[in-house]
Number of protein chains: 2
Amino acid sequence: MTQAPPDSETRARLIAAGLRLFGQTGYDGTSTRALAAEAGTNVASISYHFGSKAGLRQACARDVAARVTGAIVADLPAPPSTPEAAQALLEQVGRSFVAFIVTSPDARDIVAFLVREIMTPGEVADLVYSEFLEPRHRMVCALWSIATGQPAESERVKLSVFAMIGQALYFRIGQPIISRRMGWQDIGPSEAAQIADTVAAQIRATIESQRR
Amino acid sequence: MTQAPPDSETRARLIAAGLRLFGQTGYDGTSTRALAAEAGTNVASISYHFGSKAGLRQACARDVAARVTGAIVADLPAPPSTPEAAQALLEQVGRSFVAFIVTSPDARDIVAFLVREIMTPGEVADLVYSEFLEPRHRMVCALWSIATGQPAESERVKLSVFAMIGQALYFRIGQPIISRRMGWQDIGPSEAAQIADTVAAQIRATIESQRR
DNA sequence: TACATTCAATCAAACGTTTGATTGAATGAC
DNA sequence: GTCATTCAATCAAACGTTTGATTGAATGTA
């Protein structure tokens with residue numbers, strides 16, 4: 001990263017700017033001039049590197065998929081063999097997911113970008129789905145299956161996992177509301193831990209109620 | 001300022017158009033011409049009735065707050081006195097919330113509009129929060145408190161309720177993804193019932209785990 | 001007539017994109 | 001080693017289009 005050629009550096013800065021601004025103000029709400037200014041370059045660089053503003057949007061999607069997948073896959077051990085181990089792993093996955101989502105400054109932009117793309121399906125959403133969301137969901141379903149004994153691809157398991165993702169995600173989407181209602185100035189380690197506890201407790205309770 | 005009477009038909013059609021288009025393509029992604037066409041009127045009507053495009057946005061927020069509050073308050077009985085009754089009521093609230101959110105065509109626009117406003121805090125989000133979200137959250141917390149015995153304004157209860165809202169909401173936000181993963185063509189009564197079961201089961205499991 | 005409402009036409013500003021010129025580091029012939 | 005040439009990368013400026021807003025005339029109603 002220290003010796004990156006000047007061309008790819010501008011490219012990288014544009015993707016970072018796209019992630020931040022698209023996430024903050026939306027695709028339509030972000031002008032090419034604002035993108036160029038945020039990246040410290042000229043508007044023409046967008047056309048040059050990505051063909052168009054839409055091309056930059058797609059490049060951002062690819063970057064998100066690659067980055068988040070890498071982060072999640074990195075710290076996942078071999079699949080557990082006992083329900084107890086699977087449950088413990090699920091709780092841990094939930095905790096680190098929440099920790100990443102509510103504390104990382106990058107996560108704010110990434111999640112906001114993803115949610116916006118998901119709400120308005122298009123080819124960018126398709127890319128994110130097949131490249132990132134579907135495989136991850138499938139993986140967590142497999143864990144859930146080991147923990148509960150339910151079939152991994154059953155509707156019950158798939159929906160339970162979506163519910164788990166949904167509650168975690170909401171702590172980022174609704175963060176302005178949550179902070180306000182909780183009386184929190186901002187979300188530090190202590191607040192993040194409380195959220196992680198809440199999510200982990202729900203995972204535990206739901207798994208145990210399904211295990212029979 | 002708006003000097004038009006609040007019961008104008010064009011006014012109502014513009015608000016409906018705003019809810020639909022702002023929700024679908026976002027505030028910035030919606031042009032005044034598209035709004036006028038959707039409402040079957042002229043662009044100048046927006047200025048005339050709401051002062052500006054931003055004025056229409058705010059009118060939409062007020063409409064959402066009034067409409068959803070009315071719908072929820074309408075079918076809520078007196079506060080229950082036993083934990084069991086409170087839990088049953090919470091499950092029922094969760095079920096009807098999910099039913100409304102995933103099946104009603106109006107709900108799609110309303111939820112999409114709300115989520116977009118919440119993600120980018122502004123004066124519209126402030127209005128929605130104090131006028132609608134905060135009172136509703138407080139109400140559900142009171143129910144949760146009766147069901148579990150936990151203090152209504154404790155952080156644990158408040159966060160649990162947010163998690164419950166989050167998972168329900170996600171079934172609308174992520175609906176394109178969920179339908180795809182589940183192999184559903186669209187979400188009819190049968191699919192809505194499965195989602196409602198999932199949410200209700202999580203509510204039940206979480207409440208029971210907290211009741212001790 | 002007087003008033004409220006909607007209309008087509010128009011405006012300046014901002015938009016995404018394209019252009020032609022410029023830069024500095026490689027490349028190769030001599 | 002020197003000089004001419006090439007190339008990716010960036011820039012300011014301008015392109016035509018679309019944006020939100022405004023205008024004055026037209027329409028309907030009482």
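Here is how names work: the chains are called A, B, and so on, in the same order as the sequence lines, proteins then strands, and each is numbered from 1.
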DNA chain C: 5'-proximal contact among Thr32(A) and Ala44(A) (nearest heavy atom):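 Nearest nucleotide further toward 5': that of Thr32(A).
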Over how many whole Å does the gap from [X] atom [atom1] to [N] atom [atom2] extend?
X        : N       : atom1 : atom2 : result
Leu14(A) : dC11(D) : CG    : C1'   : 14 Å
Arg33(B) : dG20(D) : CZ    : P     : 7 Å
Phe50(B) : dT6(C)  : CZ    : C1'   : 14 Å
Arg11(A) : dA8(D)  : CZ    : C1'   : 14 Å
Leu35(A) : dA14(C) : CG    : C1'   : 15 Å
Tyr48(B) : dT6(C)  : OH    : C1'   : 9 Å

Protein proximity profile, nucleotides 25-30 of chain D - base contact B, sugar-phosphate-only contact S, no contact -, cut-off 4.0 Å on heavy atoms: ------
Any donor-acceptor pair under 3.5 Å from Ser47(B) side chain to Ala44(B) backbone: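 Side chain of Ser47(B) to backbone of Ala44(B), a donor-acceptor pair under 3.5 Å: no, none is there.
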Donor-acceptor contact below 3.5 Å, side chain Ser45(B) vs main chain Asn42(B):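 Indeed, once roles are kept as given, a pair shorter than 3.5 Å links the two residues.
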Counterpart residues, ring pair (Phe, Tyr, Trp, His ring centres under 6.0 Å), relative to Phe113(A) (two or more places apart):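 Result, ring pair (Phe, Tyr, Trp, His ring centres under 6.0 Å) vs Phe113(A): none returned.
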Residue pairs involving [range] (criterion salt bridge (charged side-chain N to carboxylate O under 4.0 Å, His left out); sequence neighbours excluded):
range                       : result
residues 46-62 of chain A   : Arg57(A)-Glu117(A)
residues 163-190 of chain B : Asp126(A)-Arg180(B), Glu153(A)-Arg181(B)
residues 24-41 of chain B   : Arg20(B)-Glu38(B)

Polar side-chain contact Asn42(B)-dA8(C) base: donor and acceptor under 3.5 Å: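 Between dA8(C) and Asn42(B), which were checked side chain against base, a qualifying N/O pair under 3.5 Å is present.
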Non-neighbouring partners of Arg108(A) that pass salt bridge (charged side-chain N to carboxylate O under 4.0 Å, His left out), sequence neighbours left out: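 If we apply the salt bridge (charged side-chain N to carboxylate O under 4.0 Å, His left out) test to Arg108(A), skipping adjacent residues, there are no hits.
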dA8(D) OP1/OP2 closer than 4.0 Å to side-chain N/O of His49(A):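 Indeed not, no polar side-chain atom of His49(A) lies that close.
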Distance below 4.0 Å between Thr41(A) side-chain N/O and dC11(D) OP1 or OP2: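 Answer yes for this pair, as a side-chain N or O of Thr41(A) is under 4.0 Å from OP1 or OP2.
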Arg67(B) with Asp106(B): basic N within carboxylate O range, under 4.0 Å: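 Salt bridge between Arg67(B) and Asp106(B), a charged N being under 4.0 Å from a carboxylate O: yes.
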By side chain to side chain donor-acceptor pair (under 3.5 Å) - contacts of Glu191(A) (at least two apart):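 Applying side chain to side chain donor-acceptor pair (under 3.5 Å) to Glu191(A) gives none.
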Side chain to side chain donor-acceptor pair (under 3.5 Å) partners for Thr206(A), two or more places apart: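 If we apply the side chain to side chain donor-acceptor pair (under 3.5 Å) test to Thr206(A), skipping adjacent residues, the hits are Gln202(B).
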Close approaches to DNA chain C from residues 51-62 of chain A, in residue order (heavy atom, under 4.0 Å):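 Result for residues 51-62 of chain A: Ser52(A), Lys53(A), sorted by number.
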Contact residues, residues 23-31 of chain A to DNA chain C [heavy atom, < 4.0 Å]: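 Here the set is Thr30(A), Ser31(A).
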Nucleotide opposite dA9(D) in a Watson-Crick or G-U pair, distances under 3.5 Å: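 WC or wobble partner is dT22(C).
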Side chain to side chain contact (heavy atoms under 4.5 Å, CB included) involving Ala200(B) - partner list, sequence neighbours excluded: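 Partners of Ala200(B) under the side chain to side chain contact (heavy atoms under 4.5 Å, CB included) test: Glu91(B), Arg95(B).
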Pairs involving residues 150-182 of chain B, ordered by first then second residue, that meet ring pair (Phe, Tyr, Trp, His ring centres under 6.0 Å) (sequence neighbours left out):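 Those involving residues 150-182 of chain B are His137(B)-Phe162(B).
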Given dT6(C), dA21(D), dA12(D), the nucleotide with the shortest approach to the side chain of Ser45(B):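 Among dT6(C), dA21(D), dA12(D), the one nearest the side chain of Ser45(B) is dT6(C).
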